[in-house]
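So that the names make sense, note that chain A is the first sequence line, chain B the second, and so on, each numbered from 1.
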Amino acid sequence: MLPDDPQTEQRKQKLAQLREQGQDPFEIHAYRRSHTTAELASAIEAVEQEHEQGDGDGAIDWDTAGFETAVAGRLMALRDQGKSVWADLHDASGKIQLWVTRDSVGEEAFESFKRLDLGDIIGASGNAFRTRRGEPTVHVSEYQLLAKALRPLPEKFHGLQDVELRYRRRYLDLIVNPEVREIFVARTRTIRAIRDCFDARGFQEVSTPMMQSLYGGANARPFVTHHNALDMDMYLRIAPELYLKRLVVGGMERVYEIGSVFRNEGIDALHNPEFTMLEAYQAYADYTDMMELFEALLCATAEAVNGSLTFTYRGHEISLQPPWQRISLMESIHHATGVDFEQLHTDEEARQACQQLDLGSMEKDGWAALLDKCFDRYVAPDLIQPTFVTDYPVQISPLAKRFPDRPHLTARFEPFIGGEEIGNAFSELNDPMDQRERFEAQVRAGREGDAEAHPMDEDYLRALEYGLPPTGGMGMGVDRLVMLLTGSTNLREVILFPHMRPEADTVD
RNA sequence: GUGCCGUUAGCUCAGGCGGUAGAGCAUCUGACUUUUAAUCAGAGGGUCGCAGGUUCGAUUCCUGCACGGCACACCA
């Protein structure tokens with residue numbers, strides 16, 4: 001059990017006292033309210049407008065014009081004035097002021113109202129009115145304690161600042177930092193806009209396994225778990241890709257999935273081991289269709305969150321107005337660094353060519369890793385306005401289709417906004433023989449120490465052998481999109497419960 | 001994983017060249033029937049992250065550990 005501080009001890013005593021008096025708040029099962037606080041504020045405004053439009057002369061007499069209301073929420077401020085108490089009541093929609101007077105609730109209830117604590121959940125009913133200072137208020141005639149808060153809340157003015165506590169105790173963060181709730185409203189709107197966008201285009205939302213006996217669809221290390229009854233290790237998925245394409249083989253021509261994926265790697269401002277991925281596949285389409293899809297998705301989500309196609313991210317004014325620019329991956333690197341990866345054919349040549357650049361230690365890096373480093377360092381940070389980076393080399397695109405006339409390149413792109421990659425898309429490789437060779441190359445890379453290489457997936461190859469239509473596919477990190485749209489600079493600001501090491505006191 | 005920095009009251013933060021600490025909010029007592037970071041008067045509250053070491057004495061110095069932040073590494 002966690003140790004109690006004196007304030008908690010005091011609150012527990014108050015609860016014990018209530019129980020002795022037969023007023024245990026935890027015995028209450030429901031409270032029927034007539035208004036949320038936001039509804040009540042607009043209802044009060046409506047009364048005022050009616051008064052103004054009618055033959056209303058002068059001030060409203062709230063004793064007659066007011067109306068009965070019942071609200072419920074968390075007590076967030078108490079301003080005791082002796083024979084009257086002002087309180088702020090917060091609910092999910094906002095807040096409302098309560099005015100409790102001795103005359104309105106009676107001597108006994110008035111005294112026990114004063115014994116309530118900040119954080120207590122109460123329901124209150126009474127006459128709605130607006131104070132002289134303009135605050136919509138309920139003049140309480142009856143109230144009920146619905147749940148006792150046994151622990152004191154963080155400070156009302158500064159809120160909860162400690163980032164560790166904010167993430168560990170997100171409930172507290174949500175109670176005292178109203179802007180946090182806004183971010184998660186934006187997140188919900190984003191996901192709803194994504195669904196609307198796909199649904200309108202005739203896509204079917206599906207769920208594919210999160211626990212898999214074989215992982216794939218991305219270059220990442222998986223988490224391993226164990227199924228006891230089957231006595232077998234399983235992997236948490238790193239991507240839904242290979243399952244979704246099996247569905248396209250099965251005739252589900254337009255599918256998408258929004259769900260968690262898990263990657264066993266470091267944690268930082270842009271990475272959480274579990275994050276939310278969107279993937280979509282469209283039969284008879286190619287990667288250029290996916291570009292349009294990205295443009296449509298970003299526009300729809302930005303409208304849903306910010307009501308505009310332009311927004312500010314890290315000081316940059318960004319416009320999502322389509323069409324977005326396109327640049328070729330290797331040309332952009334050539335342009336920025338003078339290194340032309342298309343002319344480099346071995347790891348050694350690539351290392352030679354990169355000597356003059358500031359890439360840190362390169363001994364372990366091959367051609368592909370150096371290309372990545374060059375791009376990340378010299379090109380990506382400048383891709384502020386939405387840009388499709390195209391034509392990825394086949395070596396680093398094991399699931400993407402080649403260009404017939406340029407077989408070393410794939411019909412693949414990654415969109416960048418604000419200097420950050422927000423997704424990945426390509427024309428899907430549907431040639432089972434080519435796919436087998438790509439897997440074999442991955443398996444070789446794995447044997448040579450690439451921990452993120454794909455394993456061989458015979459069933460996926462068999463599915464391709466039944467025939468995958470030409471298909472365009474895309475993936476997007478939903479959390480990063482929400483970061484972008486909300487101006488957040490840390491992924492954990494848009495994930496309700498980001499991963500943390502266990503807190504010593506709370507585990508046995 | 002490596003390096004640097006941090007951890008002081010429920011919360012937000014000061015402070016201490018080694019002699020066990022302060023403020024604001026919150027809490028408690030009292031005053032106050034239009035307040036809203038209410039106000040006024042008074043009071044209580046601390047294993048200074050944990051464990052060792054040095055020392056007459058450690059919250060302060062040293063070492064280790066835990067958790068967190070930032071950077072790098074790994075990685076979308």
Parallel, tilted or perpendicular: rings of W99(A) and F129(A) (30°, 60°): tilted
Under 3.5 Å on both distances, the Watson-Crick or G-U partner of C72(B): G1(B)
Shortest side-chain distance from E135(A), nucleotide among C11(B), G68(B), U36(B): U36(B)
C28(B) OP1/OP2 closer than 4.0 Å to side-chain N/O of K14(A): yes
Proximity to the side chain of R501(A) - top-ranked nucleotide from U12(B), C74(B), G1(B): G1(B)
Phosphate contact (C11(B) OP1 or OP2) by K156(A) side-chain N/O below 4.0 Å: no
Selected nucleotide, minimal atom distance to V163(A) side chain, candidates G68(B), U36(B), C75(B): G68(B)
Nearest non-hydrogen partners of R170(A) and L496(A), listed with the distance: NE-O, 2.7 Å
Distance, rounded to the nearest Å, where L150(A) contributes CG and A26(B) contributes P: 20 Å
Residue mapping more 5' on RNA chain B - nearest nucleotide basis, L165(A) or A77(A): L165(A)
Touch class at under 4.0 angstrom, heavy-atom based, for G159(A) against every strand present: sugar-phosphate
U39(B): pairing nucleotide in any strand, Watson-Crick or G-U under 3.5 angstrom: A31(B)
More than 12 heavy atoms from other groups under 6.0 Å of CZ on R79(A): yes
Residue mapping more 5' on RNA chain B - nearest nucleotide basis, A218(A) or D162(A): D162(A)
Base partner of C17(B), which must satisfy Watson-Crick or wobble distances under 3.5 Å: none
Nucleotide of C67(B), U12(B), U34(B) approaching R132(A) most closely (side-chain heavy atoms): U34(B)
Spacing between K83(A) atom NZ and U33(B) atom C1', to the nearest angstrom: 8 Å
Shortest side-chain distance from H271(A), nucleotide among C75(B), C11(B), U27(B): C75(B)
Euclidean distance, atom CD of residue Q81(A) to atom P of A38(B) [Å, nearest integer]: 11 Å
Check: E155(A) side chain, A26(B) base, donor-acceptor under 3.5 Å: no
Partner of E493(A) under salt bridge (charged side-chain N to carboxylate O under 4.0 Å, His left out), chosen from R166(A), R187(A), R480(A): R166(A)
N490(A) side-chain N/O to C70(B) phosphate OP1/OP2 under 4.0 Å: yes
Only pairs under 3.5 Å count here: list side-chain donor-acceptor contacts from residues 381-388 of chain A, not counting sequence neighbours, and write none if there are none.
residue: Q385(A); atom: OE1; partner: S319(A); partner atom: N; Å: 2.9
residue: Q385(A); atom: NE2; partner: E317(A); partner atom: O; Å: 2.7
residue: T387(A); atom: OG1; partner: Q385(A); partner atom: O; Å: 2.8

Minimum-distance nucleotide (side-chain atoms of P6(A) versus C32(B), U27(B), G45(B)): G45(B)
Under 3.5 Å: donor-acceptor pair, side chain of E295(A), backbone of W324(A): yes
d(CH2, W99(A); C1', A38(B)) in whole Å: 15 Å
Any-strand Watson-Crick or G-U partner of C25(B), both distances under 3.5 Å: G10(B)
Same-atom distance (C1') from G46(B) to A23(B), integer angstrom: 14 Å
Side chain of M500(A) (C-beta onward), nearest among U27(B), U36(B), G68(B): G68(B)
Separation of the C1' atoms in G15(B) and G22(B), to the nearest angstrom: 7 Å
Whole-angstrom distance between C13(B) and A38(B), as gauged at atom C1': 23 Å
Listed nucleotide nearest any side-chain atom of R168(A), set G68(B), C74(B), C11(B): G68(B)
G69(B) OP1/OP2 closer than 4.0 Å to side-chain N/O of R492(A): yes
Touch class at under 4.0 angstrom, heavy-atom based, for G477(A) against every strand present: nothing
Identity of whatever pairs with U60(B) - Watson-Crick or G-U, under 3.5 angstrom: none
Least distance between heavy atoms, S397(A) atom then R438(A) atom: O-NH1, 2.8 Å
Nearest-Å distance for atom pair CE/C1', residues M76(A) and G10(B): 14 Å
C1'-based separation of A41(B) from U8(B) [nearest Å]: 29 Å
Nearest to side-chain heavy atoms of D117(A), which nucleotide of C28(B), U12(B), C11(B): C28(B)
Rounded distance in Å - CD (E265(A)) to P (C72(B)): 16 Å
Out of C32(B), A38(B), G68(B), whichever nucleotide has its closest atom nearest the side chain of D80(A): C32(B)
Length of the line joining I175(A):CD1 and C11(B):C1', which is rounded to integer Å: 13 Å
Qualifying residue for side-chain contact (heavy atoms from CB on, under 4.5 Å) with E428(A), from K245(A), R412(A), Q435(A): K245(A)
Interatomic distance where CZ belongs to F157(A) and P belongs to A38(B) [whole Å]: 10 Å
